[in-house]
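Structure first, commentary second.
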2 protein chains.
Amino acid sequence: MSVTIKDIAKQAGVSYSTVSKALRDSPLVKSPTKKKIIKIAEELGYQPNIAARSLVQKKSYTIGVIWPSVKRMAPAVLITKITDLLEEHSYSTLLSINKIDSAIATFNRFQIDAIVVFGDNRGTIHHSSFKTKVPILYYGIKEHTLFPTIDVNRRFAIKMATEYLQRIGHQRIAYIGDLTDEDPLQIEKRLGYLEAMNVNQTENSKHFLVPTNGLDIHDGYQAAKSLLSDKQSVTAIISGSYDLTRGILRATTELGLKIPSDLSIISYDNITLTEEFDVQVTRVGVPIPRIAQKICETLLSIIEEDEIENSIILEPELSSGDSCATIKSRT
Amino acid sequence: MSVTIKDIAKQAGVSYSTVSKALRDSPLVKSPTKKKIIKIAEELGYQPNIAARSLVQKKSYTIGVIWPSVKRMAPAVLITKITDLLEEHSYSTLLSINKIDSAIATFNRFQIDAIVVFGDNRGTIHHSSFKTKVPILYYGIKEHTLFPTIDVNRRFAIKMATEYLQRIGHQRIAYIGDLTDEDPLQIEKRLGYLEAMNVNQTENSKHFLVPTNGLDIHDGYQAAKSLLSDKQSVTAIISGSYDLTRGILRATTELGLKIPSDLSIISYDNITLTEEFDVQVTRVGVPIPRIAQKICETLLSIIEEDEIENSIILEPELSSGDSCATIKSRT
DNA sequence: TTGAAAGCGATACCAT
DNA sequence: ATGGTATCGCTTTCAA
């Protein structure tokens, strides 16, 4: 049997309602009393019972994160960040990797205050799944008008990268990425590339869309290998993901290419990982901390029942790095 | 405001204690009454309030899974499986990817019934972290005598694979895997290989320990590429992980090697994924369903306060596949 | 400033 | 077979 406020009250010689107030740092309790109570609570290893609290408050101070597509580890970093931020606002985070329906059911029973869904982006989610009164925030491409969505502007990210390379003199720019039409995320990125290439068309410019079989390191390696052994050499590569970039770099190393003197590289990732490349690669995308920050803010607003925008798009930025050189520095 | 048993009671014209019984399918309620109540509950979209229930029962029917090392997606499949099995026993599962200490703190406040920790296997966990009365089950290499552990016998798995290859005539058998001394899991596997190779030593046999830089597909690809282009060719390869195997197969395809006529392959994985190889690869390890099953059983026993073994080691098995051939079939 | 008491939603025991 | 009621741990009025 664990320690309750009554045990503390007995020890401290006060009523248990005083203990409750003291522990919640209420101004209605005198400082010395408060201190005494907090000390005893610590000694006894008191842990508040969330069940009891949420029963009376009708709030659990907990938000649920649904992440059904664990396969891609991309969001892991983001989720960790979100957890940290919410903790600063004294909210707990619960995670579920179940299907959305069953996850929502579980969360419902725990009287969760709000839910964040990490969109799957392949295949649709049935509207019927979202039978709940708990507010939901969706992270991913907007598919429903039912609840607010946060997403990042992938198309503009890649466009931005392409235009940057053009600005520093590149004309033969390749895009390495998943070119199948299954994943809307990947389609967006490709479109960003094409838009920039078509607008700033010159006689020398040509599209180099290099397809991969997936988004693994090895896919980037193979794509780069085949692209770079081709005679019509490119002067710059835009990579569709962090992992692809890692593969591309392995390929360039193997081929003895120097970055950025032989080849410029920009990597897409709003999913920066701690691991380091050999060179500090120039990246484009929305930084994780900003996404996390926005998600938390929105979440808290939703809980407070403030008005929030129904669709929030975060705009990317180009990070500094040393994997890009102006075309003049080359022959 | 959500629906409570009192609302149902009013609608049905019975007392709310009867509703409670009916909803829990108690034999103390007559069938027609029960049916009526259940029907009304459904119509009203009743969701039981876990907080209230666990408050009185001192049980939450929820188990917490701590998985701090999200980086490796290996356990994802296992966790999903465990979740499913527990659901069959009407237990919910909550997941945390936070550090163990903070995860335990959260779980504690939710009055969770038991915790499973997925061991990190790199670096130690501080004993002090485990300040909790909630029973803990540890999955990974045993480091503590404080709480029960479940693990798989990796060493014997690889030994088994090696001996099998020897039995069907192979002498030049390579092991491709992470050969650094950081990860105890990987060390175990290597030892299994060495044990078998040393015991069944012949004049022709020789160790082929091929190191990789990690456990990604590309690592397997590179290792296989360098091994197989060597003149002292091997007749069989044992792969240290599923992803390595995928890379090895890409390498053999590229080199035009036929499996199993040119080369036999056995892959270690207790982490079988749904994705298919080109060939049906022979695998060794403890099948995921068996691990999940054992973890759930043990968990439920712990909750029932039954006596359980302090250390459970699951023994591997060799799956059938068509990536191995006897050495006689080759020149 | 502190204490007493009501009540959150569900369960379980004791009466009918 | 059904109803009444105490109870779980805590927050929150309302009194003192």
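Just so you know, these numbers use all the heavy atoms, side chains as well, and skip hydrogens, waters and symmetry mates.
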[X] vs [N]: side-chain N/O to OP1/OP2 distance below 4.0 Å:
X	N	result
Thr33(A)	dT2(C)	yes
Arg24(B)	dT11(C)	yes
Ser15(A)	dG3(C)	yes
Ser20(B)	dT11(C)	yes
Tyr61(A)	dT11(D)	no
Ser17(A)	dG3(C)	no

5' precedence on DNA chain D between Tyr16(B) and Gln57(A) (nearest-nucleotide basis):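 Residue closer to the 5' terminus by nearest nucleotide: Tyr16(B).
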Nearest-Å distance for atom pair [atom1]/[atom2], residues [X] and [N]:
X	N	atom1	atom2	answer
Lys10(B)	dT2(D)	NZ	P	20 Å
Lys21(A)	dG3(C)	NZ	P	8 Å
Asn49(B)	dC8(D)	CG	P	18 Å
Leu44(B)	dG9(C)	CG	C1'	15 Å
Lys59(B)	dG9(C)	NZ	P	24 Å
Ile37(B)	dG3(D)	CD1	P	8 Å
Ile5(A)	dC10(D)	CD1	P	5 Å
Leu23(A)	dT12(D)	CG	C1'	15 Å

Closest-nucleotide mapping onto DNA chain C: is Val29(A) or Leu55(A) further toward the 5' terminus? I mean the 5' end.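 Its nearest nucleotide being more 5', the pick is Val29(A).
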Kindly say whether, by distance alone, the side chain of Lys58(A) makes a donor-acceptor pair under 3.5 Å with the base of dG9(C)?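 In this structure, the two groups form no donor-acceptor pair.
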Specify the closest pair of heavy atoms between [X] and [Y], including all atoms of both residues, with the distance to one decimal.
X	Y	value
Ala292(B)	Leu78(B)	N-CD1, 3.7 Å
Tyr61(A)	Ser90(A)	CB-O, 4.0 Å
Phe110(B)	Ser92(A)	CE1-CB, 4.4 Å

Among dG9(D), dT11(C), dT2(C), the nucleotide that comes nearest once only the side chain of Leu28(A) is considered: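 Nearest nucleotide to the side chain: dT2(C).
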Give a yes or no on whether Lys59(B) atom NZ has more than 12 heavy-atom contacts from other residues, nucleotides or ligands under 6.0 Å away.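 Yes, enclosed.
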Can you check whether Lys81(B)'s main-chain N or O pairs, donor with acceptor, with Asp84(B)'s side chain at less than 3.5 Å?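 A pair under 3.5 Å: no.
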